[in-house]
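Okay, so here's the structure we're looking at.
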Amino acid sequence: MTHDVLDIAGLNKWFGGLRATNDIMLSVREGEIHAIIGPNGAGKTTLLSQIQGLLRPDDGYIKLDGEDITYEPAHKRARRGIARSFQITSLISEFPVITNAALGVQARLGHSFRFWKQAGSDLELLEPALEALRLVGLDRRAGSLVRDLSHGERRQLELAIALAQKPRLLLLDEPMAGMGRQDTSRMISLIAGLKGQYSIILIEHDMDAVFTLADRISVLVAGHVIKTGTPEQIRNDADVRAAYLGH
Amino acid sequence: MADITAFSTSRKDALAAVALIAMLALVPPAAWLLHDPFLVKVATRIVIFSLAAIAINLVLGYGGLVSLCHAGLFGIGGYVVGIAAFHVSEPIHLGPLVLGGSSDLAITLPLAMLVSGLMAMAVGAISLRTSGPYFIMITLAFNQMFYYAAIALQKYGGEDGLQILSTITLFGVDVGNRYRFYYVALAVLALATLLLGRAIGSRFGLILRAAAENETRVVVVGVQPWAYRLVAFTASGVLTGLAGALLAASQQFISPVDMAWDRSGDLVVMAVLGGIATFWGPILGAATFIALELMLSSWTQHWQLVFGLIILAIVVGLRGGLVDLLRLIMPKPAGKTT
Amino acid sequence: MTAALFAEQLLNGIQLGVMLFLIASGLTLVFGIMNFINLAHGSLYMAGGFVAAIVYRYTGSFALAVLVAVPAAAAIGVVMERLVLRRFYGRGHLDQVLVTFALILIMNEGTRMIFGPAPLLIGLPAMLSGSVEILPGVGYPIFRLTILLAGLLVAGLLYLIIMKTRLGMWVRAGASNRPMASAMGVNVPVIFSLLFAVGAALAGLAGIMAGPILSVQVGMGEPILILALVVTVIGGIGSIRGAFIAAVMVGVVDTFGRVLLTPALGSMAIFILMAAILTFRPKGLFPVHG
Ligand SMILES: Nc1ncnc2c1ncn2[C@@H]1O[C@H](COP(=O)(O)OP(=O)(O)OP(=O)(O)O)[C@@H](O)[C@H]1O
Ligand SMILES: [Mg+2]
């Protein structure tokens, strides 16, 4: 059996009276793309935020490579190799594109208490950053300002920052959201290219993308995982059809 | 090819900083030619407050932290110089230990930097756990605490302030001379500007600036901004204390008035007036502030009213400070579009 | 310290606390709801004091002074909000600091221009001068006692309004969840103006109360504003209950600090108190925002 990178059990999160995640049980295997699908407000983003450490679970546990990280702060988890591209892009708009990517590089190179050498000409930062931009096809825009990027390009940059971190586990929150058809198919082939190199949780509403990319799919409804299985199993599952695909 | 170094301090910025320092260096010869030594006195104030303004801008413009305790830190630097000089004639007896005072800047300036840096670190450690408005209010409160602490120093003049009676020296050389002192202060400013210009383009600066705009982004790549902010705040305190020390040495006097909370506001205004998006902008701001203060106060006794209106106009209108105004006036470099 | 002195200072401390609460309540609500940091709030306190002093000088009536000065402070507050501050709600805190700093300079210097630099005095009506015996053989000025009671009354009233009325419900909803308040269909601009007026009136009232004890002068607003900020921070921004408890705490500590130590050292005591509290509770004693 393949080794589990991520292992979650009994995860609960309440927002006042709303149980946004409800007893979630989930695992991600080494090198797989595990897609999570579910209607709007099902709790997908809330789940990712708990994995990443931006939200504190009310109970349950999260293990990365067998180690309990349930209450570890987000920056330490990032150091362990959890990276995320946000559903709502979260970039540094006053910086050039490459400097945004460099942020992902810099964080894994140890501390940043370096005061003299200029980051803008530091090849140790720029080369891996450019490499990450090349991976997502954004290298030609390296010197542009973020505010001059199109929506699709911003989504690509989100992914580039995460890749620059050389993560162990990649959390992708609707990477194709709001993209045109062309950008979407580029992003699909891009993620397909990452397959096997990273362990990935992919949240996506685009079902074609999900069934193309995923090794396994979990269906989240009202905060609860109602089914986990291969794309084939999910497609043919009566409960899933009733709860989600059938609408 | 895209300009991938666009993040760091550009040649243009470096040139602007050098030009400003060079212009300041020309003030004494000009004053000598014009037989107007008062100019040097004003320029000394400009240099000293420029140092404080670029220092506060490290946290304000680059760290996104509005600190209102910098006048306090400034005053602490000044009091260190004043108190050290006070004890030249009256050594401190600690049991068998006798501590003599000093009015040599080679000793007192580093001491002032150390003390104000430690104070800044203490304030930062408490106030940086919060953010935004809490940070503003807490730093303001700490400023007031430093202010009352200075008043409580009965031995050193209390409310009336502390006069420095011994001669100020640097490595034994008398720098009481106005011209000589001016170049000492200017050299300090030049060095500080260089250091800050490097720091904001460095990896450290990258984290500090990124966290100011989007803290979550920095945290999720694996960096805890707190420690970087604390270092920035402390460094800013060190330089601000240094400026206060220079002020005390230059006017041979320091008093609680120099650390009143509205002086902190003045420092923020200086930085904003010049422009907080560049490391050299605050020098321009400090010069403008002091020149304005001088002109307005000779024109009307109610100059603060006019000054308030000017600040109001700037906040409502000119968001990028004087640097923006310069950009509007100067022709755009060819070949670049925005 | 004798029991008599202790009782007197305790009352003085609570009375200062009540005054601080009047100022801080406006500050904390405006902040909690509009996310706006108003350093010029102390100017409204000064305005209340000055208007009262002027009315008193020309009419000799303390009651009339109060009746005119409180609405006047409220009016000045509303003008300030409508004319200037309103544009700054959405802006960053730096701009808010700058604009209110500018307003302080303008208000202080403007007041100095009109009334001159000399402090003004507000005398006491005969009814409120003299003292009462609070302990056998210990007198306490009636005026201070009146302030204390009036302040407590206003504080209680405010608490009831915030906790029990529909208006108060909106205000609380706004303080803990701004988008929710707009979604509930609360007419936000009107509520803001109203809130500002109430905050200004309370600050003005505090300024009047301070008149006969301290003197009315330019710059009187800022030291008290900073104390009120400390109260706000200790109490937790946006929390009325927190503001009240913190205000009394600060008032008592400040008063005893000044008596037991030198005035300057005593003034430091509350800042040390603040630092100590924030070290353990960075968001104050009663945090409202998550
Ligand atoms: N910080 C919060 N406070 C209160 N409720 C929240 C918070 N964040 C999310 N929620 C609620 O929790 C539920 C789950 O939200 P979440 O964003 O995780 O859904 P999602 O599955 O990612 O939806 P979408 O497909 O629209 O992105 C929603 O009802 C949402 O309104
Ligand atoms: Mg979501």
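Residue numbering restarts at 1 for every chain, and letters A, B, ... go by the order of the sequence lines.
- Residues of residues 224-232 of chain B lying within less than 4.5 angstrom of chain A, judged on heavy atoms, are B:Q224, B:A227, B:Y228, B:V231 in numerical order.
- Checked against B:N214 for a side chain to side chain contact (heavy atoms under 4.5 Å, CB included), the options A:N100, A:I92, A:L103 give a single hit: A:I92.
- Both the backbone and the side chain of A:A74 come within contact range of chain B, with heavy atoms under 4.5 Å apart.
- Heavy atoms only, all atoms of each residue included: A:F86 and B:R217 are closest at CD1-NH2, 3.7 Å.
- Atom CE of B:M113 sits in a crowded spot, with more than 12 heavy atoms from other residues, nucleotides or ligands closer than 6.0 Å.
- Atom CZ in A:F115 sits 11.5 Å away from atom CG in B:L196 (nearest 0.5 Å).
- Interface residue A:Q106: only side-chain heavy atoms are found under 4.5 Å from chain B.
- To the nearest 0.5 Å, atoms OG (A:S90) and CD (B:E213) are separated by 9.0 Å.
- Contact detail for A:A107 and B:V221: the closest heavy-atom pair is CB-O, 3.0 Å.
- Each of B:L195, B:I207, B:V223, B:V220 has some count of heavy-atom pairs under 4.5 Å with chain A, and the biggest count is that of B:V220.
- Residue A:K76 qualifies as open at atom NZ: its count of foreign heavy atoms under 6.0 Å is 12 or below.
- With a 4.5 Å cut-off on non-hydrogen atoms, A:K117 touches chain B through its backbone but not through its side chain.
- At a 4.5 Å heavy-atom cutoff, the contact between A:L54 and chain B is made by side-chain atoms alone.
- Interface remark: A:R84 contributes backbone atoms only to the contact with chain B (heavy atom separation under 4.5 Å).
- With B:R203 as the fixed residue, the side chain to side chain donor-acceptor pair (under 3.5 Å) test singles out one of A:H111, A:Q118, A:E124: A:E124.
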